[in-house]
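Everything on this sheet refers to the single structure shown next.
Naming: A, B, ... by sequence-line order, numbering from 1 per chain. Quick caveat, the model's predicted, so the values are computed rather than measured.
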Number of protein chains: 2
Amino acid sequence: MLKISELAAKTGLSAHTIRFYEKHGLISASERSEAGYRYYNDADIRRAEFVKTARNIGFSLEDISQLLSIRVDKTSHSCQEVTDITQHKLDEVNAKIAELESMQHTLSILLESCCGGPEKATHCSIMEALEAGDVKKSRSAA
Amino acid sequence: MLKISELAAKTGLSAHTIRFYEKHGLISASERSEAGYRYYNDADIRRAEFVKTARNIGFSLEDISQLLSIRVDKTSHSCQEVTDITQHKLDEVNAKIAELESMQHTLSILLESCCGGPEKATHCSIMEALEAGDVKKSRSAA
DNA sequence: GTTGACCTTAGAGTAGACTCTAAGCTTATA
DNA sequence: TATAAGCTTAGAGTCTACTCTAAGGTCAAC
């Protein structure tokens, strides 16, 4: 049985974050001492590590919440439910990458166009491009 | 001279956003009617479009603020200052892309490993991988 | 002269994931 | 026994970039 700071040390999550996750239903301590201290057993620890792993991959707390409900009763859920969550996340990631690559492209072109030297910015080609507005739109509404 | 909704129509920013930008010092109306209505002249409009362009590229409002101070007095600033901001943004974008590509990679591997079918999730390989924690860390602290 | 569209302000709300604070117990160590 | 480290809670603050609301003034058209 670990205390919160020990679980923190073990998982690399902060004690604050563990309490935050508890408030949001992701993690809980199956026991409390008389003084109210949280005590985590092996199952709790595995759950916390599951959360940590999923978070590190990039899943949102909402996604993790869904994955956890599958986890506690795997026989009531299908592989498809799991792949749906994963695919959805991958779609999001791909969309974000595309957006960032567009920014990357624009920024690279701007950088190539400018001398970058100690010259006064009076005729800076980056500034000129921004003035002219002749740059692609990289950002989506998100 | 345009009223705020006209500037909104012209730039594609909402009137709300224009007021928000004003509050943060990015845009202002050089004139006000007696009733307090904002009126934008050509210089104001060009500034608003500059902001819009920079935002679309992906610059933060803080970045844009710096670019604007260079813009109003180009002789006091060098090309290097402009490329520094741009390069810094590009570095950020590249870092974010790397992080997302790592997530993309992990998610793709997870998806490949799972049948994704109507089978019960009891032996779902995605769940197993999350349990085992044997996935790369994709997320940085940011 | 009234309707309706448009403008004003300060300030609150949204999203996501923490992060910290204050005030006060509890526990371990010297 | 005193001190420090660690725990508890509710709740506020952080960050970015908006987005919206309420309550009210203004303006053009019919």
Does any residue of residues 81-92 of chain A have a heavy atom under 4.0 Å from DNA chain D, and if so, which ones, in number order?
none
salt_bridge(Lys89(A), Glu62(A)) N-O dist < 4.0 Å:
no
Over how many whole Å does the gap from Ile18(B) atom CD1 to dC18(D) atom P extend?
12 Å
Please check the phosphate of dC18(D) (OP1 and OP2 only) for any side-chain N or O of Tyr21(B) closer than 4.0 Å.
yes
Under 3.5 Å, N/O pairs linking protein and nucleotides 1-3 of chain D:
none

Supply the atom-to-atom distance His88(B) NE2 to Leu107(A) CG, rounded to the nearest 0.5 angstrom.
12.0 Å
So, are Glu131(A) and Lys74(B) salt-bridged, with charged N and O less than 4.0 Å apart?
yes
Hey, does Glu119(A) have a side-chain heavy atom less than 4.5 Å from the side chain of Cys115(A)?
yes
Can you measure His24(A) atom NE2 to dG11(D) atom P for me and round it to whole angstrom units?
14 Å
Less than 4.5 Å apart, any side-chain heavy atom of Arg47(A) and any of Val72(A)?
yes
Got a sec, which pairs hit ring pair (Phe, Tyr, Trp, His ring centres under 6.0 Å) with one end in residues 22-75 of chain A, sequence neighbours left out?
Phe20(A)-His24(A)
Between the CD atom in Glu6(A) and the OG1 atom in Thr11(A), the distance rounded to the nearest 0.5 Å is 11.5 Å
Quick one: list whatever passes ring-ring contact (aromatic ring centres under 6.0 Å, His included) with His123(B), sequence neighbours left out.
none
Have Thr53(B) and Asn56(B) got a donor and an acceptor in their side chains that come within less than 3.5 Å?
no
Under a 4.0 Å heavy-atom cutoff, the residues of residues 59-69 of chain A touching DNA chain C are Ser60(A), Leu61(A)
Measure from CE on Met1(B) to C1' on dC27(D) and round the result to the nearest Å.
17 Å
When the nearest nucleotide of DNA chain D is assigned to Arg55(B) and to Glu34(B) on a heavy-atom basis, which residue is associated with the more 5' position?
Arg55(B)
What string of B, S and - do you get for nucleotides 4-10 of chain D, 5' to 3', when a contact is any protein heavy atom under 4.0 Å?
--BSBB-
Do the non-hydrogen side-chain atoms of Leu61(B) and Tyr21(B) ever get within less than 4.5 Å of each other?
yes
Side chains of Glu31(B) and Asn41(B): is there a donor and an acceptor less than 3.5 Å apart?
no
What heavy-atom pair brings Leu26(A) and Leu68(A) nearest, and what distance separates the two atoms?
O-CD1, 3.4 Å
Please state how far atom NZ in Lys52(A) lies from atom P in dC18(C), giving the value in whole angstrom units.
11 Å
Cut-off 3.5 Å, side chains only: do Asp73(A) and Thr75(A) have a donor facing an acceptor?
yes
